[in-house]
Each structure stands twice: as structure tokens, then as C-alpha cells.
Chemist: 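Pasting in a structure now, in C-alpha cells, and then I'll have a few things to ask.
Numbers for residues simply follow the sequence, beginning at 1.
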Amino acid sequence: MEITELPAPVFCGVDWAETHHDVALVDASGKQLAKQRIGDDAAGFGQLMALLTEHGDRKESPIPVAIETSRGLLVAALRATGRPVYSINPLAVARYRDRHSVTRKKSDAIDAAALANILRVDMAAHRQLPADSELAQTIAVLARAQQDAVWDRNQAHNKLRSQLREFYPSILAAFADHRFGLFAREARTILAAAPTPTAAALLTRRQLRALLKRAGRSRGIEVEADRLLEVFRRDYLHHAPQVEAAFGQQTAALLRQLDTACANAEQLEAATSEAFDQHPDAHVITSFPGLGSLTGARVLTEIGDDRSRFANAGSLKAYAGSAPVTRASGKSCVVTSRRVKNQRLASTGYTWAFASLRGSTEARAHYDRRREAGDRHVATLRNLFNRFLGMLFFCLHHGVPYDPVKAFPNRPTPEILSAVA
């Protein structure tokens, strides 16, 4: 009987850069088999594939690749080949490099070899990039871009509001009680027409009605125009005329930035929701209280749709930062919140838990019980998010929607529910 000898394992490390990448291959004993610098283009990727094939890369036993990033065309091309790709934290690479050199010498080739050796020694300790579907990756691009656009919009709003506090108190007073403040189309339309307090005071009732209609308001226009007219014509402190005009020009520039940021956020929100609604996990995720299409897309973006990504619900909770961290040494035992986490998922989790208080009596009762026990507001929402994640892990793996009975087995009594209501 002929015995087929299995090829010796080979590990690949890639130190990436903007214009080129350094590649290193090592065997199971740590011996470096090859090193090469390739370009950041299709020809360079072809060189990498040829190098891997030369050292035993096969479809049934692909050579694993370690790299310091999870994004970019090189990573996308490697993942498209179906090979295991590991994204290694640069800090881990630096610590591993120090194990082999007391002189702290460094080069791209050395880093590539260090990445390959990390897989050789500690591959089980690192997580392979998940095999998310194309639709999930599409949603991830859109959802993260939309979240970035919201942060840009908030930054543009804060800059504009800080500017208006310097010279334009009347516009702040006019929309102080508005639900959306300066984000409102009415505020931005009036501010574009009257970028200084002097110009706002000269607006007539007819002009204000026209501006409100242009902003899309259809009800209470007469009453709102009268209110704004009274606010704008109150007595306020003013800068010198030329200085005020200069402030007005700066305000117009900041307003254009805010308008652009608002348009970007709205356009990306529509695209994100449309893509998310097509995903097979959408009905499970949106069955949870506090999650809509946009927040659901953000959750799906960060956890993906590769079911093998998290070994259990505890791994997902640790990744999201909702699970606490215990530090025990001797007689000391301290439980703290997790600082190393997926910040985007943690941010969405806070919004998710807070929104669920309005739509779920079980979530509200759980929140109230934790608060009565002495937990702070943020800690209570984190605990509620932690419970939701455990149920989400179960629902996604079994393809079933949210069930409040299983999520909150100790459901509140009718007396508690009436008290909460």
C-alpha cells in the first residue's frame, strides 16, 4: 500500500505598504524559505500567487497568510482565492519582533518574517478573517460610511453652532426648542437667506413664510412666521457692521459644509437600508426591539454573517465590549467594563439598548430593576445590550425571530407592567 506523504506546512507573512509589499515564507521549523518584494498591483499579486504555488500552495491545502490589516485590495484578492487570511494587530507584531532582537532592529522584510512566524507558533490564538457574503460586505461598506457621515455631520453642526454663539444669538434662540435644532431644514434655509443677525431682523413676515415653505413646512406656517419675526427683532448685542459681515461669510461656508454632510448622511442611510433589507438575516435582526433597518445594518456590519466567526455567545459579547472583565490576583478581585472592543458595535449597542426601553416593556422592567439595584445608567444599558447579544447569537444560529419570553425568562408581573406604563 502506497503512503502519500503530506506536504510540510508553510506559513506566509505580508508586510504591506502603499506602493509595495514584502513577503516572507517559513516552514514548520521556522526556516525562511523565501522572501520577495512585490508591487501593489495585479502583477505583484500574480508574483505572490506564483511564489505560494512554488512552495506547495494547493486548492485543498492553501498556505495561510498573515497581514497587519483587514482592508484593501490585496486583502480582498487574497480572500477571493479562498485561503485563510489572518489580520494581526501591529502591536502584536512589534512585541513578537522584540523576542528575536535585543537591538530593536526593524525592516519590512523582518516584519514579514515575524508575521509568518506568528502563524507558525500561535495561529490558534488569532482569528481568521470571516468569510462574509458579498452582500454583507456591501452592507458593511455602506453602513460604516453612513456612520462616518453622521459623525462628520455632528462635527460640522458643532462648528457652526460654536460660530453662531460668537455673533448670532437670535438664530440659536429661534430654534432652541426645535426637535432637530440647527439640523432642521427650516433653520438651515433661514440661515442661508440671512447669514447675519442684522439680515435676519430685516426679514419680513412674507419672506419668512416663503422660506418656511421652501424648507418643506406645510402646517402652522403663519404662526411659525410670526414667532420667528418676534425672535429675530428682539434686542441683541452686535459686532461692528464689517466684522459682523465677515462672520456672516464664515457662517455661509460652515453652513455649506453642514448641508453637504446632511445630504451625505441621508443618501447613505437610504442606500444602507435598501441593501440591508435584502439580506436574509434582516428579519431576525429587526425583530429585536430598538433595531430598525439602519441600526440593524450597523449590527450586521460588525458581526457579519459568517456563523463560524464566534465560537459562542460569550465571544460575541467580548467582541462587542458588553461582557465585563475580571481582574483577580491574590485577595484582589475587580470587575470592570471592557475597554478593548469594537467601538462601532459598542456605540450601536448603546443606541439599541436605549431605544428598546420605549418599545419593550420587558427591556424597560429589566432596566428599572438594575437601576434600583444601584447600577448606573450606562452600566445598565450595557447589561441590557449584553443580554440582547446573547439572544441575537441564538436567533441567528437557529434562524428564529426574537422571543421576549426566552430573552427575559423572569418576565415582570402585571403589577410591574402597569407601574412601568
Side-chain angles (χ1 to χ4, degrees), residues 1-90 92-97 99-100 106-138 140 304-311:
M1 179 178 179
E2 184 180 354
I3 299 177
T4 303
E5 184 178 353
L6 295 176
V10 178
F11 307 92
C12 176
V14 178
D15 184 76
W16 68 281
E18 184 174 343
T19 58
H20 64 268
H21 313 295
D22 281 84
V23 180
L25 298 178
V26 300
D27 62 12
S29 66
K31 178 184 176 181
Q32 184 163 304
L33 302 176
K35 65 177 181 178
Q36 185 175 352
R37 173 166 290 187
I38 63 174
D40 183 37
D41 52 20
F45 183 74
Q47 289 178 308
L48 174 58
M49 291 297 100
L51 185 65
L52 294 176
T53 302
E54 180 184 345
H55 289 84
D57 182 74
R58 299 291 183 271
K59 183 177 181 180
E60 59 276 7
S61 58
I63 294 177
V65 178
I67 190 169
E68 290 179 313
T69 182
S70 60
R71 299 182 180 181
L73 288 173
L74 177 62
V75 174
L78 286 170
R79 295 178 71 181
T81 63
R83 71 185 61 258
V85 180
Y86 294 80
S87 176
I88 309 297
N89 190 300
V93 180
R95 298 298 181 269
Y96 188 90
R97 187 176 60 241
R99 293 172 55 190
H100 300 274
K106 181 187 183 304
S107 69
D108 294 341
I110 291 176
D111 283 350
L115 283 162
N117 278 299
I118 286 176
L119 288 189
R120 179 179 65 87
V121 177
D122 295 320
M123 186 163 63
H126 295 277
R127 180 182 287 117
Q128 181 181 333
L129 288 180
D132 291 329
S133 66
E134 184 177 354
L135 180 56
Q137 294 180 52
T138 301
D305 58 2
D306 182 359
R307 297 290 183 262
S308 63
R309 182 175 186 179
F310 301 103

Chemist: Can you tell me how far the CZ atom of Phe11 sits from the CG atom of Leu33, to the nearest 0.5 Å?
Modeler: 10.5 Å
Chemist: List the atom of Ala114, the atom of Val93, and the distance in Å for their closest heavy-atom pair.
Modeler: CB-CG1, 4.3 Å
Chemist: Report the distance from atom CG of Asp111 to atom CG of Asp15, rounding to the nearest 0.5 Å.
Modeler: 4.5 Å
Chemist: Nearest 0.5 Å, what's the NZ-CG distance between Lys35 and Leu25?
Modeler: 12.5 Å
Chemist: Quick check: closest heavy atoms across Ala116 and Ala24, and the distance to 0.1 Å?
Modeler: CB-O, 3.9 Å
Chemist: Give me the one residue out of Met123, Arg120, Gln128 that meets side-chain contact (heavy atoms from CB on, under 4.5 Å) with Pro64.
Modeler: Met123
Chemist: For Phe310, enumerate each residue passing the ring-ring contact (aromatic ring centres under 6.0 Å, His included) test, keeping only those at least two apart in sequence or located in another chain.
Modeler: Tyr319
Chemist: So, using side-chain hydrogen bond (donor to acceptor under 3.5 Å, both in side chains) as the criterion, who are the partners of Asp22 when residues are at least two apart?
Modeler: Arg37
Chemist: For the residue pair Leu48 and Val23, what are the closest heavy atoms and their distance?
Modeler: CD1-CG1, 3.7 Å
Chemist: How would you list, by chain and number, every residue that makes a side-chain hydrogen bond (donor to acceptor under 3.5 Å, both in side chains) with Asp305, sequence neighbours excluded?
Modeler: Ser133, His279
Chemist: Calculate, to the nearest 0.5 Å, the distance between atoms CG and CG belonging to Leu78 and Leu129 respectively.
Modeler: 9.5 Å
Chemist: Taking all non-hydrogen atoms of both residues, which atom of Ser308 and which atom of Asp306 are closest, and how far apart?
Modeler: OG-OD1, 2.8 Å
Chemist: Any idea which heavy atoms bring Asp41 and Gly44 closest together, and the distance?
Modeler: OD1-N, 2.7 Å
Chemist: Are any of the side-chain heavy atoms of Val121 and Tyr96 separated by less than 4.5 Å?
Modeler: yes
Chemist: With rounding to the nearest 0.5 Å, note down the distance linking CZ in Arg79 to CG in Asp132.
Modeler: 6.0 Å
Chemist: For the residue pair His21 and Gln47, establish whether any side-chain heavy-atom pair is separated by less than 4.5 Å.
Modeler: no
Chemist: Report yes if the side chains of Leu52 and Cys12 come closer than 4.5 Å at any heavy-atom pair, otherwise no.
Modeler: yes
Chemist: Kindly compute the distance separating CG (Asn89) from NE2 (His126), expressed to the nearest 0.5 Å.
Modeler: 9.5 Å
Chemist: For residues Arg71 and Thr69, is any side-chain donor paired with an opposing acceptor at under 3.5 Å?
Modeler: no
Chemist: Which heavy atom of Pro90 sits nearest to which heavy atom of Glu68, and what is that distance?
Modeler: CA-OE2, 3.7 Å
